[in-house]
Amino acid sequence: NKVALDDWGVSLEKVGSVLVARGNLGRALGQFEASLRIRKILSRIDPANGHASRNLFVAFLKIGDVLAEQGDLPRALENFKASLVIAENLAAENVQSLAAQRDRSIGFEKMGNVLLRQGNFAGAQEFYEASQALREKLMKKDPTSAEAERDFVTASIRVAEVRVARGDLEGALEGFE
């Protein structure tokens with residue numbers, strides 16, 4: 001039963017989120033990985049189901065977040081790459097969906113975060129700038145959205161921070177202005 005499987009996946013994610021909040025990252029990772037297995041099954045059963053695909057995107061993000069928090073940056077990057085591929089596909093299928101485009105920007109930011117921590121400043125900047133450009137478009141499409149504005153400001157700060165890390169203080173200053 002697809003609904004029961006989906007509900008089970010949601011429950012595992014909720015337990016995982018509570019475990020993260022309690023600082024138990026190891027157990028949280030187990031919950032998120034179990035949820036990912038369910039999300040993969042549901043996605044295989046109905047590959048055209050956007051809801052199932054988005055849940056798969058979220059599962060990879062949650063696993064990547066925990067792995068990054070644990071310092072396992074290579075595995076975090078793998079999971080963020082997987083989530084970004086899904087986000088790109090969903091955005092291509094739903095070009096007018098602001099939510100699908102926002103998911104892409106989140107994927108770009110997550111990739112940038114890990115690359116920055118790995119010392120790959122050029123790679124981080126590339127992903128941060130992609131996130132910033134997309135978030136600027138989203139902000140312009142929905143100028144009343146506080147979320148879109150906040151996302152754009154966050155992306156702009158990330159771009160400026162990576163420029164500082166690369167020694168581009170003039171570029172960083174422009175990003176902060």
Exercise. Between L56 and S43, which heavy-atom pair has the shortest distance, and what is it?
Worked result: CD2-OG, 3.7 Å
Exercise. In terms of hydrophobic clusters joined by side-chain contacts under 4.5 Å, are F80 and Y128 together?
Worked result: no
Problem set entry | Side chains of K140 and K137 in contact at under 4.5 Å (non-hydrogen atoms) | no
Exercise. With a 4.5 Å limit on heavy-atom distance, are the side chains of E13 and K62 in contact?
Worked result: yes
Problem set entry | Spatial distance of atom NZ (K110) from atom CG (L84) [nearest 0.5 Å] | 12.5 Å
Exercise. Would E109 and R158 count as a salt bridge (charged side-chain N to carboxylate O under 4.0 Å, His left out) if you check the C-alpha gap in whole Å, the side-chain angles of each, and the deciding distance to 0.1 Å?
Worked result: CA-CA 8 Å; E109 182 178 359; R158 297 268 191 268; 3.0 Å; yes
Seminar exercise, completed: For V162 and L116 the tightest heavy-atom approach is CG2-CD1, 3.7 Å
Exercise. Do F127 and F121 belong together in a cluster built from hydrophobic side chains that touch within less than 4.5 Å?
Worked result: no
Exercise. Stepwise, does the side chain to side chain contact (heavy atoms under 4.5 Å, CB included) test hold for L25 with V20?
Worked result: CA-CA 5 Å; L25 299 179; V20 166; 4.3 Å; yes
Exercise. Between S105 and D103, does any side-chain donor sit less than 3.5 Å from a side-chain acceptor?
Worked result: no
Exercise. Would you find a donor on one side and an acceptor on the other, under 3.5 Å apart, between the side chain of D168 and the backbone of G171?
Worked result: yes
Exercise. Shortest non-hydrogen contact from A124 to L115?
Worked result: N-CB, 3.8 Å
For this session: Kindly indicate whether the side chain of Q118, heavy atoms from C-beta on, has any atom under 4.5 Å from the side chain of L77.
Result: yes
Exercise. Does E69 reach the side chain of D65, with side-chain heavy atoms less than 4.5 Å apart?
Worked result: no
Problem set entry | Side-chain donor-acceptor pair present, R135, Q132, cut-off under 3.5 Å | no
Seminar exercise, completed: When rounded to the nearest 0.5 Å, the distance separating CG of N113 from CD1 of I106 is 11.5 Å
For this session: Step through the shown structure and confirm whether more than 12 heavy atoms of other residues, nucleotides or ligands are within 6.0 Å of CD on E149.
Result: no
For this session: Supply the atom-to-atom distance Q101 CD to E88 CD, rounded to the nearest 0.5 angstrom.
Result: 8.5 Å
For this session: Could you grab the distance from atom CG of L73 to atom CG of N120, nearest 0.5 Å is fine?
Result: 12.0 Å
Exercise. Should V58 and L5 be counted in the same cluster of Ile, Leu, Val, Met, Phe, Trp and Tyr side chains packed under 4.5 Å apart?
Worked result: no
Problem set entry | side chain to side chain contact (heavy atoms under 4.5 Å, CB included) between I41 and R44, intermediate numbers included | CA-CA 5 Å; I41 291 167; R44 277 195 302 269; 3.7 Å; yes
For this session: Would you check if R22 and R27 make a side-chain contact, meaning some heavy-atom pair closer than 4.5 Å?
Result: no
Problem set entry | Note, V85 side chain near K81 side chain (heavy atom, < 4.5 Å) | no
Problem set entry | Test item: D151 and L138 side chains (from C-beta on) under 4.5 Å apart, heavy atoms | no
For this session: Measure the CG-CD distance between L67 and E78 for me, rounded to the nearest 0.5 Å.
Result: 9.0 Å
Exercise. Going hydrophobic residue to hydrophobic residue with side-chain gaps under 4.5 angstrom, can you get from L36 over to L42?
Worked result: no
Problem set entry | Rounded distance (nearest 0.5 Å) linking atom OG of S83 with atom CE of M111 | 8.0 Å
Exercise. Is there a side-chain contact between E147 and R150, using heavy atoms and a 4.5 Å cut-off?
Worked result: yes
Problem set entry | Verdict with reasoning, E174 to R163, per salt bridge (charged side-chain N to carboxylate O under 4.0 Å, His left out) | CA-CA 10 Å; E174 290 173 19; R163 286 178 178 166; 5.0 Å; no
Exercise. Which atoms form the tightest heavy-atom contact between A87 and F57, and what is the distance?
Worked result: CB-CE1, 3.7 Å
For this session: Verify side chain to side chain contact (heavy atoms under 4.5 Å, CB included) between Q125 and R166, making sure each step is shown before the conclusion.
Result: CA-CA 9 Å; Q125 185 170 344; R166 294 185 78 186; 2.7 Å; yes
For this session: Could you tell me which non-hydrogen atom of S35 sits nearest to which non-hydrogen atom of G9, and how far apart they are?
Result: OG-O, 3.3 Å
Exercise. What are the two closest heavy atoms between F152 and E136, and how far apart are they?
Worked result: CE1-CB, 3.5 Å
Exercise. When clusters are formed by joining ILVMFWY residues with side-chain heavy atoms under 4.5 Å apart, either directly or through shared neighbours, do I63 and L12 land in the same one?
Worked result: no
